[in-house]
Amino acid sequence: MANFYEDNPDLQYYFKKGLDWGPLVELTEYLYRAPDAHPTAQEAVEFYESILEMMGGFTAEQVAPVTAAIDTQHPALDNGDVVFPPVLQEIMDQLKELELHGMCLPRELGGMNCPYLVSLPVVEMLARADVSVAAHVGFHGGMALAALVLSIYEESTEFDREKNQIGSTRFADMIAEIVAGEAWGSMDITEPGAGSDMAALATRAEQDDQGQWRLTGTKIFITSGHAKYHFVVAKTETPKENDAFSGLNDLSMFLVKTYEDIDGERVRYAHFDKLEDKLGHHGSATVAVRFENSPGELIGARGQGFRLMLLLMNNARLGVGFESLGICEAAWRLARDYAQERPSMGKTIDKHEMIAEYLEGMETTIQGLRAIAMEGAWHEEMSHKIHLMLKYMPPTEAGEKQRMEAALARHQRISRRLTPLVKYMGSEGAVDIAQRCIQIHGGYGYITEYGAEKLLRDAMVLPIYEGTSQIQSLMVTKDSLLGVIKNPAGFLRDTVSASWRSWFATDSAERRVARLQRRRLGVMRYLMRRLALAKLRGGVGSFADWDPKRDFALAMLHAERLMLISIDVAVSEVLLAQAQRHPERKPILERYLEQAEPRCWHLQHVITTTGDRLLATLQQPAGEGKEALVAART
Ligand SMILES: Cc1cc2nc3c(=O)[nH]c(=O)nc-3n(C[C@H](O)[C@H](O)[C@H](O)COP(=O)(O)OP(=O)(O)OC[C@H]3O[C@@H](n4cnc5c(N)ncnc54)[C@H](O)[C@@H]3O)c2cc1C
């Protein structure tokens, strides 16, 4: 029997020894000190693995064999409702029977109380079978968890201290329906005129005479938007003058139901006008949703919509990282199996040097990606759980409280650093590996017979949704450079430490990783020096009043390059830590460094030698800049 967990030793590594499950299980199980908690961390992890084994079999045996049918039999719009084809409906029915939608919800809400970190490899395995199914399934349990997180944040969840469990929570009905597999939710942000630029959102929410919020506007490209429950971001405030963040601070978040049954009559509040026809990702319905004076419940306070969305974003982006891992695994394995069979010029093509290098590179990228994805997800979840602990069960001893607050800050910092890297590396890596998979299949890759082209079509949305690759790169660059401005002494310390280790560390792998760190810090130093010089020459303001939009043009131009270097540094750091604990991981680190070292050298060279000409053209008045660009190209 095929099994996507049992055939994947790299994935198993993280459950058998790669991750420190102890503290996470401790926080997950004993936060509530529930009577039915797993008695030890080991037993808890054995339980998590049993779920992965079960889902490994389900994804390999029930989903993967029908992926071609999912690709050709699409959801359809029928009289204002979206209908799934039988092949997809059957998978959803089976998942409902497995009762997995509540996997990560507390037991008192009908869940299994597993860490979110267990659901992410499930996403990966589903995505290895079919990424669109993984995406749709994510809008079940994922949205129930989002409802709980939002309710905790706005303090509408009460904790029963006697029973050590949640006593009541605002969205309990919605959560119960989702856990039972009867409903799901969607996240409705994008509009025809506003995608990356959320400040441009136009959907409005206003209170009527009875104080009821009512929403009007159209959202587009909404994954699983035929949901019963919609988390909608809408404008409630009037833009303020001289507020750099006006636009984002004008947004609020609402829960809108698609319909309500009142006195036996169904009253509809969300209208599904259009189902998008897409390049791939066909098992997931992408819906245009119209709200017309639709009643909505405000979540949190007015003007907090953007902040609340960010609260959910890290998990969503990690989720895309794991979807990407699934496609990478599928593409690499398909290519490897084909290459081992296909003869050319006296040997199978996997023995030809270039193809052998492609296949090894694909496997190494996957192992590196999984390393930062698991690490990032672990820190993200640790931070959420410590936050909950401090909120509901703060330690009475001052020293212990301080220790937990310091741990919280550390986990938040690492998760904030790793999450955009995981989203970028995963999504771009999936496109790259799927394209290589086609190339390795030759003509058979371009025709539909082997399914290689489907993987590329499915992968291509990953760098777009949940924040495009360019937006991730901008975030990483701004975080990195503002970090230097806020803490120059820390930057200097990091530089001295990396230099010292790059010369004197006893382990040669550690010296190589330190050299990569030094290269990244050198790039940041170069960008800061150039930005400071430009600011001095322009005589604009003081160094205390940096304006990212105005002052960071060169850094924004090179943001994607800094992102790529940051990924290589982060992956190498995590693989080094693994190799130091488990020597059998050392070959993975060495293979990764072989790729990363020349890549970072090249990127640094491009950053430090290019950009001025293009930036000069952008600074000219609109028409002239365009002409100069055309002239420079011809
Ligand atoms: C299949 C699918 C499912 C989706 N699911 C959802 C969903 O469930 N909910 C939801 O709300 N949305 C969803 N989306 C929408 C998705 O999040 C947006 O498409 C995405 O945020 C990009 O917005 P846009 O399409 O308006 O492109 P734009 O924002 O117009 O961007 C176009 C290009 O310009 C680049 N760009 C924009 N601004 C900058 C900048 N400052 N610097 C450099 N480059 C920039 C972008 O990176 C991109 O390459 C989905 C989209 C698709 C295709």
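Start at 1 and go down the list; that is how both ligands and their atoms are numbered.
Here the heavy atom of the protein found nearest to atom 9 (N) of ligand 1 is M187 O, 2.8 Å. From the protein, the heavy atom lying nearest to atom 24 (P) of ligand 1 is G195 CA, 3.9 Å. Looking only at protein heavy atoms, the nearest one to atom 53 (C) of ligand 1 is V461 CG2, 3.6 Å. For atom 3 (C) of ligand 1, the closest non-hydrogen atom on the protein side is T223 OG1, 3.2 Å. Protein heavy atom in closest approach to atom 50 (C) of ligand 1: F221 O, 3.1 Å. Atom 41 (N) of ligand 1 has L474 CD1, 3.7 Å as its closest protein atom, hydrogens excluded (heavy atom only). Counting only heavy atoms of the protein, atom 46 (C) of ligand 1 lies nearest to T468 OG1, 3.7 Å. Nearest non-hydrogen protein atom to atom 29 (O) of ligand 1 is S196 OG, 2.6 Å.
Scanning D188, L462, I471, L557 for the heavy atom closest to atom 39 (C) of ligand 1 points to I471. Residue Q470 holds the heavy atom nearest to atom 49 (O) of ligand 1 of all those in M198, Q470, E560.
Side-chain polar atoms of T286 and K278 form a donor-acceptor pair below 3.5 angstrom. Between the side chains of R520 and S566, at least one donor-acceptor pair of N or O atoms lies under 3.5 Å. With hydrogens and angles left out, the side-chain atoms of H230 and T258 include a donor and acceptor closer than 3.5 Å. Looking only at atom types and distance, the side chain of Y446 has no donor-acceptor partner in the side chain of E453 under 3.5 Å away. At a cut-off of 3.5 Å, with distance as the only test, no side-chain donor of S132 or S284 sits close to an acceptor on the other residue.
Classified by interplanar angle (parallel below 30°, tilted 30° to 60°, perpendicular above 60°), the ring pair H281/Y465 is perpendicular.
For I189, a nitrogen or oxygen atom sits less than 3.5 Å from a nitrogen or oxygen atom of ligand 1, counting backbone and side chain alike. For a threshold of 3.5 Å applied to N or O pairs, the pair formed by K278 and ligand 1 contains no separation below that value.
Aromatic ring centres of H271 and Y259 lie farther apart than the 6.0 Å criterion allows.
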Quiz item: H74 and F84: ring pair (Phe, Tyr, Trp, His ring centres under 6.0 Å), yes or no, with the steps?
Solution: CA-CA 7 Å; H74 307 176; F84 270 1; over 10 Å; no
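Contacts between I464 and ligand 1, counted as non-hydrogen atom pairs separated by less than 4.0 Å, involve both the backbone and the side chain.
Between the side chain of K235 and the main chain of L201, a donor-acceptor pair closer than 3.5 Å is present. When atom types are taken as modelled, the side chain of W184 and the backbone of S224 share a donor-acceptor pair closer than 3.5 angstrom.
When distances from atom 35 (C) of ligand 1 to the protein are checked, no heavy atom turns up under 4.0 Å. For atom 7 (C) of ligand 1, a protein heavy-atom neighbour is present inside the 4.0 Å cut-off.
Ligand 1 places these atoms under 4.0 Å from at least one heavy atom of I222: 7 (C), 8 (O), 9 (N), 10 (C), 11 (O).
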